[in-house]
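In what follows, a single structure is set out as structure tokens and then discussed.
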Amino acid sequence: MLRLSALGDVCNLVPTVRALQRQWPEARITWIIGKGEHSLLAGLSGVEFVVYDKATGLAGMRALWRELADTRFDVLLHMQQAIRASVLSLGLKADVRVGYDKARAKDAQHWFTHRQLAPHPRAHVLESFLDFARLLGVEDLSLAWDLPIPESAYEEAAGLTGEAPYVLMSPCANPRLRNFRNWSAEGYATVVEHAWVQHGLKTVITGGGSTQEREMGSRIQSLSQPGSVIDAIGATSLKGLLALIDRARAVVAPDSGPVHMANALATPVVGLYATTNPDRAAPYCWRDQVVNRYPDAVRHFLHKEPESLPWGQRVRHPDAMSLIHADDVIRNLEAVLAASPSRKERESSDEA
């Protein structure tokens with residue numbers, strides 16, 4: 001399997017790994033993966049990881065080719081639609097190379113493969129990955145993750161939160177060029193206030209520690225009541241973030257890795273979507289609780305109907321996320337909290 005990035009995408013790929021393992025328990029599975037993504041999934045049972053650090057460029061590719069020079073794979077699942085991954089695939093020995101159908105392949109990926117997936121128009125990312133298992137004849141496509149989280153990660157999380165129940169908020173998406181996935185600090189602070197006043201839930205704010213993320217976290221905290229926010233931006237490893245998400249009552253975040261981590265861990269999640277189409281990229285098991293302003297953004301900023309756009313097209317406008325209202329987020333947060341009561345609430349209900 002060749003899939004280098006990104007954090008959310010590799011989480012969405014894990015059910016395909018589990019489906020392959022159920023069909024062929026004795027199969028050897030090697031996953032060529034990015035450096036950061038490996039730190040998230042390290043220890044995934046039944047998988048041998050080969051790590052490629054994109055920062056090493058062609059020299060890193062040559063080193064990886066040497067590492068796998070004596071290995072010939074029965075099948076290479078080329079699951080990354082990017083020219084970098086296609087170049088990397090050239091140095092791998094495989095009897096059959098499977099990639100996306102022409103409609104879904106980017107950067108002419110179909111030139112680098114022998115077999116292409118059957119067309120699957122308007123597929124969710126997770127379903128697109130499962131299409132690789134479908135092509136190989138896998139019968140059981142039920143969803144399973146079982147992400148490994150070491151005890152040290154739970155200790156890391158507990159050191160930040162103690163035993164207090166909390167909502168996890170990851171306010172910033174990857175700051176790529178013209179991404180525009182971030183909501184406002186004022187909107188987030190309104191949700192923090194609601195969770196604190198109505199439910200006694202603190203909000204743990206997480207992020208990677210960039211200047212943008214730290215400024216956003218400081219702004220949210222300054223707009224919130226004292227004691228209602230735990231600032232964990234830049235304070236966790238990726239495994240520690242997984243543990244924080246696993247222990248959270250709910251997660252609130254834009255289209256970014258944490259919504260898909262929460263989905264993989266069965267933690268309730270409210271995704272905030274206006275620049276990205278949630279039909280393609282929402283947290284898969286929590287699609288009904290996404291705050292979806294993508295159709296409004298398409299009509300308002302692109303002056304088109306969503307059905308007329310190429311699948312996956314983003315609305316690259318800095319004001320698109322302002323179409324999301326705090327009341328929408330609070331309503332969906334209430335819904336996921338009601339559907340997934342806390343451990344204390346469950347124990348009280350059992351006693352009654």
Side-chain angles (χ1 to χ4, degrees), residues 7 11 39-40 42-43 145-172 185 187-210 213-254 256-270 283 286 329-330 332-351:
L7 295 175
C11 287
S39 66
L40 179 71
W145 278 270
D146 302 317
L147 299 187
I149 306 176
E151 187 59 36
S152 59
Y154 286 108
E155 293 170 357
E156 181 182 335
L160 291 165
T161 66
E163 296 300 318
Y166 59 88
V167 170
L168 185 138
M169 184 177 284
S170 183
C172 294
Y188 283 122
T190 302
V191 177
V192 170
E193 178 81 0
H194 179 84
W196 179 245
V197 172
Q198 298 300 320
H199 297 281
L201 293 170
K202 295 191 176 196
T203 297
V204 177
I205 303 179
T206 62
S210 67
E213 290 167 300
R214 292 188 186 280
E215 289 177 351
M216 174 68 89
S218 296
R219 177 65 176 158
I220 294 169
Q221 194 161 15
S222 72
L223 294 168
S224 303
Q225 290 191 34
S228 63
V229 172
I230 298 172
D231 185 355
I233 292 176
T236 68
S237 64
L238 282 172
K239 290 291 191 184
L241 176 58
L242 275 180
L244 279 173
I245 290 172
D246 192 40
R247 296 176 66 243
R249 285 291 313 279
V251 170
V252 178
S256 57
V259 298
H260 302 291
M261 296 178 204
N263 181 71
L265 295 168
T267 298
V269 56
V270 177
W286 299 92
V329 182
I330 289 169
N332 288 19
L333 178 61
E334 283 293 321
V336 300
L337 289 175
S340 303
S342 68
R343 183 181 298 117
K344 184 176 181 179
E345 289 168 336
R346 289 195 302 270
E347 290 172 352
S348 298
S349 176
D350 291 342
E351 290 173 2

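One is the number of the first residue; the rest follow in order along the sequence. All values below come from the heavy atoms of this structure, side chains included, with hydrogens, waters and symmetry mates left out.
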Minimum-distance pair of heavy atoms, taken over all atoms of [X] and [Y]:
X      : Y      : answer
Pro148 : Gly43  : CG-C, 3.5 Å
Ala264 : Trp145 : CB-CD1, 3.3 Å
Ala250 : Thr267 : CA-CG2, 4.3 Å
Tyr154 : Asp246 : OH-OD2, 2.6 Å
Arg214 : Gly209 : NE-O, 3.1 Å
Pro258 : Ile245 : O-CD1, 4.0 Å

Can you tell me how far [atom2] of [Y] sits from [atom1] of [X], rounded to the nearest 0.5 angstrom?
X      : Y      : atom1 : atom2 : value
Asp231 : Thr203 : CG    : OG1   : 12.0 Å
Arg247 : Leu168 : CZ    : CG    : 11.0 Å
Ile230 : Gln221 : CD1   : CD    : 10.0 Å
Leu223 : Arg219 : CG    : CZ    : 4.0 Å
Ile233 : Ser218 : CD1   : OG    : 7.0 Å
Gln198 : Glu193 : CD    : CD    : 9.0 Å

Ignoring hydrogens and geometry, is there a side-chain-to-backbone donor-acceptor pair from [X] to [Y] under 3.5 Å?
X      : Y      : result
Ser152 : Pro150 : no
Tyr188 : Pro171 : yes
Glu334 : Ile330 : no
Ser170 : Ala253 : no
Arg249 : Val167 : no

Set out, in order, the CA-CA distance, both residues' side-chain angles and the distance that settles side chain to side chain contact (heavy atoms under 4.5 Å, CB included) for Gln225 and Val197, then state yes or no.
CA-CA 10 Å; Gln225 290 191 34; Val197 172; 3.7 Å; yes

Begin with the C-alpha distance, continue with both residues' side-chain angles, and end with the deciding distance and a verdict on side chain to side chain contact (heavy atoms under 4.5 Å, CB included) for Met261 and Leu40.
CA-CA 10 Å; Met261 296 178 204; Leu40 179 71; 4.0 Å; yes

So Val204 and Leu160, side chain to side chain contact (heavy atoms under 4.5 Å, CB included) or not? Walk me through it.
CA-CA 9 Å; Val204 177; Leu160 291 165; 5.9 Å; no

I would like to know whether Thr206 and Thr236 meet side chain to side chain contact (heavy atoms under 4.5 Å, CB included); could you show each step before the answer?
CA-CA 8 Å; Thr206 62; Thr236 68; 5.5 Å; no

Checking side-chain contact (heavy atoms from CB on, under 4.5 Å) against Ser228, which of Ile220, Leu201, Val192 comes through?
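Of Ile220, Leu201, Val192, side-chain contact (heavy atoms from CB on, under 4.5 Å) with Ser228 is met by Val192 alone.
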
Do Leu265 and Ile149 have side-chain heavy atoms sitting under 4.5 Å apart?
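Side-chain contact under 4.5 Å: yes.
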
If you define the side chain from C-beta out and look only at heavy atoms, does anything of Leu244 sit under 4.5 Å from Tyr166?
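Side-chain contact under 4.5 Å: yes.
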
